[in-house]
Each structure stands twice: as C-alpha cells, then as structure tokens.
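Have a look at the structure below before the remarks.
All figures in this text were calculated on a predicted structure; none of them were measured in a lab. Whatever order the structure lists ligands and atoms in, that order sets their numbers, starting from 1.
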Amino acid sequence: MNDENEIEDIGSNPAPARPIGDVVRARLSRRAALRGLAGVAALADGLVEGAHAQISASQLGTADIPRQGGPSTLQFTELRHQLAQGDAVAEGHDIQLVIRWGDPVLPDAPPFDPNGQSGAAQARQFGYNNDYLDFRPLPKGSTNSEHGLLWVNHEYTSTQLMLPGTAGRAASRRSTTAEQAAVEMAAHGGSVVEIRRVDGRWQTVPGGAMNRRITAHTPMRISGPAAGHPRMRTSADAEGTRVLGMLNQCAGGNTPWGTILTTEENFNSYFSGEAAATGEQAAAYRRYGIPRQPIYNWAAHEPRFSLDQEPNEPNRFGWIVEIDPFDPASTPIKRTALGRFKHEGCTHAVAPDGRLVLYMGDDERNDYVYKFVTARPWSEGDRDLLDDGTLYVAKFEEDGALRWLPLVFGEGPLTAAQNFHSQGDVLIETRRAADLLGATPMDRPEDVEVNPVNGRVYVLLTNNGTRTEVNAANPRPRNAHGHVIEIIPPGAGTAAVQHAALEGRWEIFLLAGKPGHDAGARYHRATSDQGWLSCPDNCAFDSRGRIWIATDGAPSAAGVADGLYAADTQGGGRALTRLFYQAPTGAEVCGPLFTPDNTTLFLAIQHPGEDAGSTFANPSTRWPDFQPGMPPRPAVIAIVRKDGGPIG
Ligand code: FEO
Ligand code: CA
Ligand code: CA
Ligand code: CA
C-alpha cells in the first residue's frame with residue numbers, strides 16, 4: 001500500500017499509549033498532506049513526461065554524479081532520484097512488459113476494454129495491483145530461467161483509477177454499484193501465468209495449460225487448529241471449513257514442495273457494519289481495524305461482508321493461503337496454524353533438523369514479527385506440513401538479544417482467564433495473544449526474508465508516524481522513513497543456521513531517510529544523494545547475497561519516486577544503497593524476484609498513478625501504455641541486461 005492507503009487502511013495497534021495529537025498528526029501524514037495541497041495538476045506539471053524519462057549523467061551537476069563501483073560490488077551506475085510519468089532503469093538494462101491489468105489469463109478472456117468492464121471479463125483477465133511474484137520453472141523441479149509459471153498476488157483495487165465515472169479514491173470505493181463491485185472482487189486474488197523468454201524477450205504463453213485466476217469468489221478450504229471453530233462458522237458454511245476467496249494478497253513466499261504461500265493483509269477493508277461498534281466481537285474487530293462505515297462498499301452488494309449479517313465472516317480472512325500453481329483444479333488452503341493478522345511475507349528456511357521455518361510480518365504500526373516452526377521435519381513427498389507446529393512472536397531485547405515467544409494455548413497468559421479456550425481462539429485473535437506476551441511493537445513489519453548466503457533474516461519496516469516511545473529495535477520517534485533490521489540466528493554464516501532456535505541476535509542494517517537531512521538516517525558513509533531510500537517494503541537477494549530493496553511511500557513532495565535499491569550486505573560495501581529502478585509516479589515497487597540464473601529481475605509495479613486527485617478521467621500518468629483514454633495499468637515487468645549477463 002502507498003501512503004494514501006496508510007491513511008485509510010493501515011491502522012495502528014492501540015495498545016502502546018500515546019497522546020491523541022500524535023494519532024491525528026500521523027493520520028494526516030506529512031507526505032500525504034503535501035501531496036493533497038499540490039494537487040494532481042501541479043504534480044503533473046512537475047513531472048518528467050514520457051515512457052522512459054531518464055536523466056543522463058551529463059545533465060547533472062558534479063556534486064550529484066551517480067556512483068558506480070567504489071567499495072560496492074555492484075557494477076551498475078546508479079539512477080538519479082526523480083518523479084516522472086514513466087519509469088527508468090540503470091544504464092545498460094532493458095525494461096520488458098510481461099503482463100498488465102486486463103490482459104488475458106484464461107483462453108476465453110475477452111480483450112481488455114476499460115470502458116466496458118465486467119466482473120465476468122475481469123475474472124478471466126489479469127487482476128489489479130500486482131504484488132508478490134513467484135517463478136516456478138518449467139519443467140517442474142528444474143532451474144530453467146527461460147520458461148515457467150509466474151505467480152502474481154492481486155492485492156487491492158484503486159477503484160478511482162480503474163473504473164470510468166468514479167470520483168476520488170475514498171468516495172469511489174464507498175459508492176460502487178453492484179457491477180463495479182463485481183469488477184473489484186474479480187480483480188482481487190491471484191494469477192498463474194505461463195511465461196517464456198523468446199529471442200531475449202519475456203512474453204506470456206497464450207492459453208497456458210496451468211493458467212488460473214483466483215478471485216474473491218474462489219472456493220477454498222480452511223485447515224489447522226482454527227478450522228471448524230464456532231467463530232469460523234457462517235450461514236453459508238455451518239462447518240467452518242470452507243470459504244469463498246482470499247483478500248488483499250500482499251507479499252508472500254513458497255515452500256520446498258513448490259506451493260505458493262500468499263498472504264491476506266488489509267482484509268479489514270472489505271467488511272463493515274454496526275456490529276463494529278456494538279457487536280459481541282466489537283473488541284476483536286477493533287484490534288484488526290474492521291470498521292463500522294465501509295471502506296469498500298461490498299457489504300451493500302454481498303451480505304457476507306456485512307458484520308451485522310455474518311459476524312464471523314471476517315474471522316475467515318487474515319490468513320496465509322497455500323496454493324499449488326501447477327494444478328489449476330486444486331483447492332487453495334487457508335492455513336490457520338500460521339496465525340491471523342495483516343500478513344506480509346512468508347519466507348521459508350529449513351532448520352538443520354529438517355523442520356520448516358516460516359518468517360512473517362504483521363504490517364500495522366506497532367505490530368509484530370512472527371515465525372512458525374513445523375512440528376516435523378520436511379521430507380520429499382510430504383506436502384501437508386503446515387497444520388502442525390508452533391507460532392512464535394518476536395521480542396527484540398534492548399541488548400541485541402532476540403527471543404521468540406510461543407503462542408500456545410494454556411501457556412503463560414494464554415488461558416481461560418484471558419478468554420482463550422483453545423488454540424483456535426489464540427489463532428483467531430493472534431494479535432491480542434501477542435500483546436499479552438509482551439512482543440516488541442515494530443514500525444510496520446513488511447517483508448521478512450532470509451538471505452541464503454549469510455543466513456541472516458531481514459525485516460523491512462516501512463515507517464511509523466505514530467511512534468512516541470522508542471525501543472532499541474525501533475529507535476526513532478515518528479519514524480517517517482522506516483528501517484531494516486537483521487535477525488541473526490545461531491549458526492548464521494555457517495552451513496547449519498539454527499532457524500528454529502528460540503533465541504538469536506539482531507542488528508540494525510540501515511535507518512532510511514536522507515542522510516544529513518532526516519534525523520538518525522544511517523547507511524554506509526559513501527551513500528550518495530541518489531542512493532538513499534525511504535519506506536523499505538519488500539526485498540529479494542541475488543545469488544551473491546546482495547539485498548534488493550523495493551520501497552513503498554517515497555517522499556514524492558521531495559521529488560523522489562518509489563524504486564528498487566541494491567546494496568551489499570557484507571564487506572566494505574555493506575549498506576551502501578544504490579538506486580537501480582525508479583517507478584512511475586504514484587506507484588510502489590513490489591515482488592522483486594530473480595530467475596535462478598539472475599539474468600532476469602521481475603518487478604510488480606503497483607498502483608501507478610495513485611496520486612492525490614488522480615482519477616480514471618485525469619490520471620497523473622498513463623503508464624505503461626501512454627495511450628489516450630487508457631488508464632494507468634499495474635503491470636509486471638522484467639528487467640534484463642542488454643548484454644544478457646546477470647543483473648548487478
Ligand atoms: Fe500491502 Fe503492507 O503493504
Ligand atoms: Ca501494496
Ligand atoms: Ca506496503
Ligand atoms: Ca507490501
């Protein structure tokens with residue numbers, strides 16, 4: 001989500017005490033307020049126009065010449081910060097469009113017609129707001145970097161940019177017609193798309209046999225300790241084991257057996273009703289930000305989204321969903337053992353004894369970092385591992401120690417005295433259980449990713465304008481720019497990293513913001529005026545263990561777009577970040593993903609044109625098509641080196 005979403009969708013753990021003035025100030029974040037004042041016309045005036053606006057070194061003053069080499073092992077010449085209608089990548093690379101919102105996924109998909117959209121068409125076409133990406137090489141099990149299945153999350157809909165005749169952002173979502181809501185619902189979920197590199201160019205394979213669209217209406221199974229719980233039952237599902245659809249898929253991960261783990265994040269946005277204020281579960285709704293007044297108008301069109309008609313329906317969202325991309329007939333499974341929160345990331349590591357460890361974040365201000373450890377070791381052929389195991393929440397001690405606290409019914413405060421009567425209760429109210437354990441409130445934990453080279457685990461913390469009380473792991477009050485933490489499990493750097501261990505160490509990798517300008521910003525001292533970043537959100541590691549950080553919420557008022565930045569994690573170039581890719585205005589960068597051979601870097605460019613005042617009729621950019629009347633379209637791109645070599 002970008003900073004506008006932050007105002008509406010990203011809530012805040014109410015537990016940490018703070019003065020109300022800070023809450024108000026945070027909701028009217030500086031960037032959003034500045035953007036709103038500037039307005040879309042002024043914004044468009046200030047933009048560099050065109051599809052591939054790029055400023056060359058010869059246009060720059062000598063003080064801010066982009067850097068290359070030096071103590072960094074990265075070989076590309078960094079880009080210069082700019083805000084533009086188009087995107088840009090470091091010299092010597094090509095940007096290839098792989099698939100856009102509305103492109104066909106299923107063989108009988110109608111051609112995209114932005115003025116004639118329907119739910120039925122959208123359910124066969126590529127969805128909106130692409131986020132997490134995964135690439136499963138074909139043939140299955142190979143390391144082929146030229147042919148495979150692309151998995152794509154579709155997080156949410158920017159209704160004001162996708163549908164003709166809509167108003168501004170909040171108003172357009174709150175007032176959709178039934179047909180418009182049907183388009184929105186079909187644009188959520190995920191896509192499986194077969195892709196292939198032909199003569200150096202990535203393209204979709206028309207009619208790919210495993211292609212699939214998953215939407216807000218795809219039948220799914222609920223498994224694990226919360227399945228069948230009375231609070232999971234609805235009038236459509238008396239057993240509490242089946243649900244339609246998944247919502248707000250943000251980041252994600254995968255398993256060693258080849259399935260995708262896709263994460264439900266801001267599921268609260270789709271539900272509304274008076275019960276949010278007066279219902280039996282009002283306190284639980286509040287902890288997840290489920291509102292009385294609609295954010296999306298879905299409750300008006302489908303009764304299950306009304307808390308007053310189906311008070312348990314929201315309990316069936318906020319989970320990790322496991323999907324087999326190779327079997328389009330398979331039923332996705334919501335794995336409740338992994339907890340219910342605004343899930344971000346679900347990256348696996350294998351402990352030396354074979355148990356699988358999954359790292360996860362809860363993207364809310366002052367919420368937590370989690371991991372799940374399976375009960376038994378993984379062995380070839382075992383594909384049903386995620387219902388049994390232990391969920392832990394992280395406590396970052398002031399002295400650099402890290403402790404993982406188990407969320408187990410009957411242990412510590414998680415008993416009947418606190419109204420927990422089963423493990424299902426603990427999981428449905430994971431956040432309240434973690435509050436009681438004294439987990440460390442973090443600055444919006446997004447992606448949590450394992451670096452396969454040094455064994456450290458990287459936690460990307462987007463920002464937290466509400467923080468008043470600092471702790472060692474979140475050291476800045478009103479943290480506008482976010483930071484990156486390294487978790488160091490015992491054995492990190494050896495062949496036997498103890499990912500399942502209940503203790504470890506942690507360090508801060510970088511504190512984002514502009515060095516010398518934003519208080520507390522901290523990088524490698526050679527970081528240039530172009531290399532600093534704001535709002536780290538997702539990341540990937542190349543085969544040399546270098547980190548590639550995607551941002552969400554860059555300070556556009558300062559002329560900085562979101563982008564992708566790379567840095568060494570070890571050696572003399574550690575935390576020397578460099579700008580590699582700059583997104584079009586209004587967009588965040590999601591899903592960074594390398595092919596196994598590192599010659600292609602896929603990126604999901606989400607909500608292009610989502611600036612204040614930008615609408616379907618008058619968007620701030622028409623990326624990537626730049627055709628009159630064509631709205632901006634979220635799209636997956638592939639970046640390759642012109643000489644075909646590995647990226648970086
Ligand atoms: Fe969907 Fe936390 O960004
Ligand atoms: Ca997003
Ligand atoms: Ca985000
Ligand atoms: Ca995200």
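Inclusion of D363 in the first shell of atom 1 (Fe) of ligand 1 is not supported: no N, O or S atom falls under 2.8 Å. Counting backbone and side-chain atoms alike, E265 contributes an N/O/S atom closer than 2.8 Å to atom 1 (Fe) of ligand 1. At a cut-off of 2.8 Å, D537 does not coordinate atom 2 (Fe) of ligand 1 through any N, O or S atom. At least one N/O/S atom of E446, whether from backbone or side chain, sits less than 3.0 Å from the Ca ion (ligand 4).
Side-chain contact check for N366 and N464: at least one donor-acceptor pair (N or O, by modelled atom type) lies under 3.5 Å. No hydrogens or angles considered: a donor-acceptor pair under 3.5 Å links the side chains of H499 and Y359.
When OE2 of E344 and OE2 of E446 are joined through atom 2 (Fe) of ligand 1, the resulting angle is 100° to the nearest 10°.
Only one option out of D443, D362, T430 pairs with D367 in a side chain to side chain contact (heavy atoms under 4.5 Å, CB included); it is D362.
For the side chain to side chain donor-acceptor pair (under 3.5 Å) test, residues two or more places apart in sequence or in another chain that qualify with D134 are Y132, R136, N254. In this view, S191 and H154, R213 satisfy the side chain to side chain donor-acceptor pair (under 3.5 Å) rule, not counting sequence neighbours.
Salt-bridge formation is detected for the pair R169/E610: a Lys NZ or Arg NE/NH1/NH2 atom is positioned less than 4.0 Å from an Asp or Glu carboxylate oxygen.
Nearest N/O/S atom of D537 relative to the Ca ion (ligand 4): this is OD2. Per residue E155, closest N, O or S atom to atom 1 (Fe) of ligand 1: atom name OE2.
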